[in-house]
Amino acid sequence: MVIDPPIRDKWYTKGENIYLSVPREFDFSHCLRFLNRSHLECLHSVQDQRWRKLLKLGDTMVLIQVEMSSGNLRILPLNTQLTSEEQTTLVSYVWEVFDLGRDLQPFYEHMEQDPILDSLCQAFYGLRLIGIPELFEALSWSIIGQQINLTFAYKLKQRLVRTVGEKFHFEGQDYFLFPSAGKVAEMSAGDFVNWQFSASKAQYLVGIAKAIHADSISKDSLLEMTDDESLATLLELKGIGPWSAHYVMMKCLRRTDAYPVEDVGLHNAIKVSFSNIVKPTKAELDAFGRRWHPWQAYATFYLWHSLLK
DNA sequence: ATCCAGGTTCGGG
DNA sequence: CCCGAACATGGA
């Protein structure tokens, strides 16, 4: 894993705890609210202002608990002691999920003149674009979420994860990892039918798993590309259209200017923000995008957040 | 019952 | 190039 150099002096350990300093524009509660948006989520849990997540560092399963502790993020590995190398990897992961390397000040300044976004920026001050660091997981989730309601999407993901993903049992609870690309690459599209995946979704997932497993597409190579190049590369994958490509660029490649303009949630959020009964037109959406550039991804994410109950 | 869900691909005009 | 259909099911 590539370590962002600025991280190195941002954390220290005390016993088993890791303390990670956070930027000024950071609000853990807002982030948790997004992470906790579905009770059907099977890849992490939120309870009492604490986030729990299962990870695999090398061959080691690590269940972490993340919470605020006097202004820092406290990361506690619950089930095992970590080597310092594992600690470094773990910190990078958390860093990436919460986009801690991002300076949000320019984003907030940019949105000051925007009628919708300015109020959202004030309401959700410190909310970070919650990421999905694993490329295969991000691509898969975008495919699963296509064209179906989110509740059903979570159910499909749950069936895949609980059947194919690795399980770790801790204190009476089961925690799961998203299935590896290698594992899914060995499946046939038919295996998904019992889980109510459409035949095409199943095909796309297996095809993309194979592409990743064969290393014909990788996060590292995508990260080196420009926005346009990574977009074009993602679009070559069967099952990845414009919406999914931008979704993955937002959540995994961390492109602040990705813009899933076809997104229904985005349309609804804009509609609600204007107290309208009509959804925005394509031309209006493009105009919003131009206005939000180069923060289209963050604008979209804040709008998604505004839809949470 | 009908319509819309975190869309994409494919075939036809 | 643009447009409708199919995908599979749940919730309002």
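Owing to the predicted nature of the structure, the values given are computational and were not obtained by experimental measurement. A note on names: the letters A, B, ... follow the listed sequences, proteins ahead of strands, and every chain is numbered from 1. The figures that follow rest on heavy atoms only: side chains count, while hydrogens, waters and symmetry mates do not.
Nucleic acid contact for A:L237: sugar-phosphate only, since backbone atoms but no base atoms lie under 4.0 Å from a heavy atom of the residue. If you check every strand for non-hydrogen atoms under 4.0 Å, A:I143 touches nothing. Residue A:S142 is out of contact with every strand shown, counting any heavy-atom pair closer than 4.0 Å.
Comparing the same atom, P, in C:dG4 and in B:dC3 gives a spacing of 15 Å after rounding to whole Å.
Toward the 5' end of DNA chain B, the nearer of the two residues A:I240 and A:I148, judged by each one's closest nucleotide, is A:I148.
For the residue pair A:S218 and A:S221, a side-chain donor N or O sits within less than 3.5 Å of a side-chain acceptor on the partner. When only modelled atom types and interatomic distance are considered, A:T13 and A:Q87 share no side-chain donor-acceptor pair under 3.5 Å.
Residue A:K238 places at least one side-chain N or O closer than 4.0 Å to OP1 or OP2 of B:dC10. Regarding contacts with the backbone of C:dT9, every side-chain N or O of A:S198 stays at 4.0 angstrom or more from both OP1 and OP2. Remark: A:Q196 is in phosphate contact with C:dT9, judged by side-chain N or O atoms under 4.0 Å from OP1 or OP2. Remark: A:K271 is not in phosphate contact with B:dC4, judged by side-chain N or O atoms under 4.0 Å from OP1 or OP2.
Contact of the A:M111 side chain with the A:Y302 side chain is not registered, since no non-hydrogen atoms from C-beta on lie closer than 4.5 Å.
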### Task
Please assess A:Q65 against A:I75 for the test side-chain contact (heavy atoms from CB on, under 4.5 Å), listing each intermediate value before the final yes or no.
CA-CA 6 Å; A:Q65 176 170 294; A:I75 309 170; over 6 Å; no
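Applying the under-4.5 Å side-chain rule to Ile, Leu, Val, Met, Phe, Trp and Tyr, the cluster around A:Y19 extends to A:Y12. Taking Ile, Leu, Val, Met, Phe, Trp and Tyr as hydrophobic and joining them when side-chain heavy atoms fall under 4.5 Å apart, one finds A:L63 in a cluster with A:L54, A:M61, A:L76, A:L78, A:F168, A:F170, A:Y175, A:L177.
For the ring pair (Phe, Tyr, Trp, His ring centres under 6.0 Å) condition, the pairs that include at least one residue of residues 215-246 of chain A, sequence neighbours left out, are A:W243-A:Y247.
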Give the table of side-chain donor-acceptor pairs shorter than 3.5 Å for residues 205-215 of chain A, with sequence neighbours excluded, one pair per line with atom names and distance.
none

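Ring geometry, A:Y298 versus A:F107: the interplanar angle falls from 30° to 60°, so the pair is classed tilted.
Near-neighbour residues of DNA chain B inside residues 280-299 of chain A, defined by a heavy atom below 4.0 Å, are absent. In the region residues 251-265 of chain A, proximity to DNA chain B at under 4.0 angstrom, judged on heavy atoms, holds for A:E262, A:D263, A:V264.
A donor N or O paired with an acceptor N or O is not found under 3.5 Å between the base of C:dG11 and the side-chain atoms of A:N149.
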